[in-house]
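First up is the structure itself, then whatever we jot down about it.
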Amino acid sequence: MKIDILAIGVHPDDVELSSSGTLLRHIAQGKAVGLLDLTRGELGTRGNAEIRTREATESAQLMGAAFRINLDMADGFFQYNPENIQKIIQVIRSCQPEIVLANALDDRHPDHGRAAKLTADACFYAGLAKVETFDEKGNPQERWRPKAVYHYIQDRNLEPDFTVDISDYFEKKMELILTFRSQFFLPTATEYSQELSTPISGEDFMEFMRAKARSFGRDAGFEYAEGFNVARTPGVLDLFDLV
């Protein structure tokens with residue numbers, strides 16, 4: 001189906017952590033949103049691929065996403081190669097998004113920056129007529145290039161090129177994050193109490209998420225916001241579109 005925004009993350013919770021408030025805002029405006037995970041996060045310290053897939057499905061339903069697809073690339077060891085680029089191109093050409101949201105350009109986790117380049121390049125190559133891909137029925141796909149690729153900011157405090165007001169959607173964003181019971185602090189998730197601790201599994205990480213959203217919102221006068229970077233400077237047709 002044709003969608004407006006395709007949000008791509010290398011791990012199943014990347015989108016929820018860094019851009020789900022933005023997606024909720026646009027879904028509320030009537031925009032169609034699709035989700036694409038490159039891996040199942042199977043190298044994560046807590047949980048496993050099956051658990052995280054189940055959590056990702058629950059989050060997508062709660063968000064109201066049109067679909068969620070997983071490309072089953074190897075967590076930690078996915079390669080920048082034609083095969084993986086074509087996998088992403090097939091999804092892009094199938095749903096024809098106007099905007100793609102992608103992993104951070106640079107981050108603590110090495111997968112994030114590699115996935116950012118893989119995704120951005122796939123968006124470019126998807127617009128080339130001589131790059132051939134086929135749909136599930138074996139039919140040739142038409143070329144399609146999204147109008148924009150925006151990289152959401154993840155763990156590192158990068159300076160955003162722009163921010164999106166998520167004040168009305170922040171609490172719902174936190175609810176989406178906590179569908180990943182195996183990964184984050186949730187007092188009722190006692191089944192994971194014996195799992196090893198990670199930098200994101202403590203109660204303080206939830207406080208960090210709230211503080212980070214407040215920090216992103218401060219300069220623009222928003223209560224809560226999400227930050228994005230661009231590799232290509234965007235343009236506006238009307239100065240009054242800028243807050």
Side-chain angles (χ1 to χ4, degrees), residues 3 5-24 27 33-79 84 87-88 90-92 94-95 97 100-104 107-120 122 150-156 166 169 172-186 189 191-192 195-202 205-206 208-209 212 226 228:
I3 61 171
I5 302 174
L6 178 63
I8 302 177
V10 64
H11 305 118
D13 53 11
D14 286 352
V15 167
E16 280 78 4
L17 284 167
S18 304
S19 64
S20 59
T22 298
L23 297 177
L24 288 167
I27 289 171
V33 167
L35 308 178
L36 175 62
D37 301 317
L38 303 187
T39 79
R40 297 192 184 273
E42 63 269 20
L43 292 185
T45 301
R46 298 165 66 90
N48 55 46
E50 180 181 356
I51 290 170
R52 296 189 73 172
T53 298
R54 186 167 63 246
E55 293 168 339
T57 299
E58 180 184 350
S59 175
Q61 292 172 345
L62 184 61
M63 179 188 293
F67 60 79
R68 188 165 205 154
I69 297 171
N70 196 296
L71 292 183
D72 285 308
M73 296 182 192
D75 187 14
F77 298 99
F78 66 93
Q79 299 294 313
N84 285 336
K87 286 181 179 180
I88 300 174
Q90 285 177 310
V91 178
I92 291 170
S94 175
C95 63
V100 166
L101 304 184
N103 283 100
D107 208 37
R108 181 181 68 88
H109 197 308
D111 280 3
H112 295 169
R114 285 192 296 127
K117 178 169 176 54
L118 185 68
T119 298
Y150 301 134
H151 297 270
Y152 46 80
I153 296 174
Q154 297 187 257
D155 192 62
R156 286 184 177 161
I166 64 165
Y169 306 97
K172 184 65 174 288
K173 168 181 175 160
M174 297 295 278
E175 188 178 350
L176 292 176
I177 292 172
L178 292 177
T179 60
F180 292 87
R181 294 169 58 89
S182 65
Q183 303 302 305
F184 304 106
F185 177 78
L186 188 63
E191 68 270 36
Y192 301 108
E195 294 262 17
L196 295 174
S197 297
T198 70
I200 64 173
S201 66
F205 183 73
M206 294 295 106
F208 165 75
M209 290 299 298
K212 190 168 188 173
E226 289 172 336
F228 294 85

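The first residue of the sequence shown is numbered 1, and numbering continues consecutively from there.
Contact annotation: the side chain of L196 never approaches that of T198 to less than 4.5 Å [non-hydrogen atoms, C-beta and beyond]. Residues T22 and Y152 are not in side-chain contact: their nearest non-hydrogen atoms beyond the backbone lie 4.5 Å or more apart. Considering only heavy atoms from C-beta on, M206 comes within 4.5 Å of I177 through its side chain. For the pair V10 and H109, the minimum side-chain heavy-atom distance is 4.5 Å or more. Put simply, the side chain of I5 does not reach to within 4.5 Å of the side chain of P97, judged on heavy atoms. In this structure the side chain of L36 never reaches within 4.5 angstrom of the side chain of I92, judged on heavy atoms. Taking the side chain as every heavy atom from C-beta outward, H11 and H112 approach each other to under 4.5 Å. Between S182 and E195 the shortest side-chain heavy-atom distance does not fall below 4.5 Å.
Note on residues 43-72: no pairs pass ring-ring contact (aromatic ring centres under 6.0 Å, His included), not counting sequence neighbours.
Atom-to-atom distance recorded for L118:CG and Q79:CD is 10.0 Å, nearest 0.5 angstrom. Note that the NZ atom of K87 and the CD1 atom of I69 stand 13.0 Å from one another [nearest 0.5 Å]. Atom CZ in F184 sits 7.5 Å away from atom CE in M209 (nearest 0.5 Å). Note: L24 CG to I166 CD1 = 8.5 Å, rounded to the nearest 0.5 Å. Rounded to the nearest 0.5 angstrom, E58 CD and R68 CZ are separated by 11.0 Å. Atom OG in S197 sits 11.0 Å away from atom CZ in F185 (nearest 0.5 Å).
Around the CD atom of E50, the shell of radius 6.0 Å holds no more than 12 heavy atoms that belong to other residues, nucleotides or ligands.
D107 contributes no side-chain N or O that, together with a main-chain N or O of G113, makes up a donor-acceptor pair within less than 3.5 Å. A donor-acceptor pair is defined here as one N or O able to donate and one able to accept, closer than 3.5 Å; such a pair exists between the side chain of T57 and the backbone of T53. Counting only distance, with no hydrogens or angles, the side chain of R108 and the backbone of D155 share no donor-acceptor pair below 3.5 Å. Using modelled atom types, no side-chain atom of N103 and backbone atom of H151 make a donor-acceptor pair closer than 3.5 Å. Between the side chain of Q154 and the main chain of S18, no donor-acceptor pair closer than 3.5 Å is present. Using a distance-only test at 3.5 Å, with no hydrogens or angles considered, no donor-acceptor pair links the side chain of D75 to the main chain of T39.
Scanning both residues, N70 and D72, for their nearest heavy atoms gives OD1-N, 2.8 Å. Taking all atoms of both residues into account, the shortest heavy-atom contact from I3 to G34 is CD1-N, 3.6 Å.
Both the sub-6.0 Å distance and the 45° axial angle are not jointly satisfied by R181 relative to the ring of Y192.
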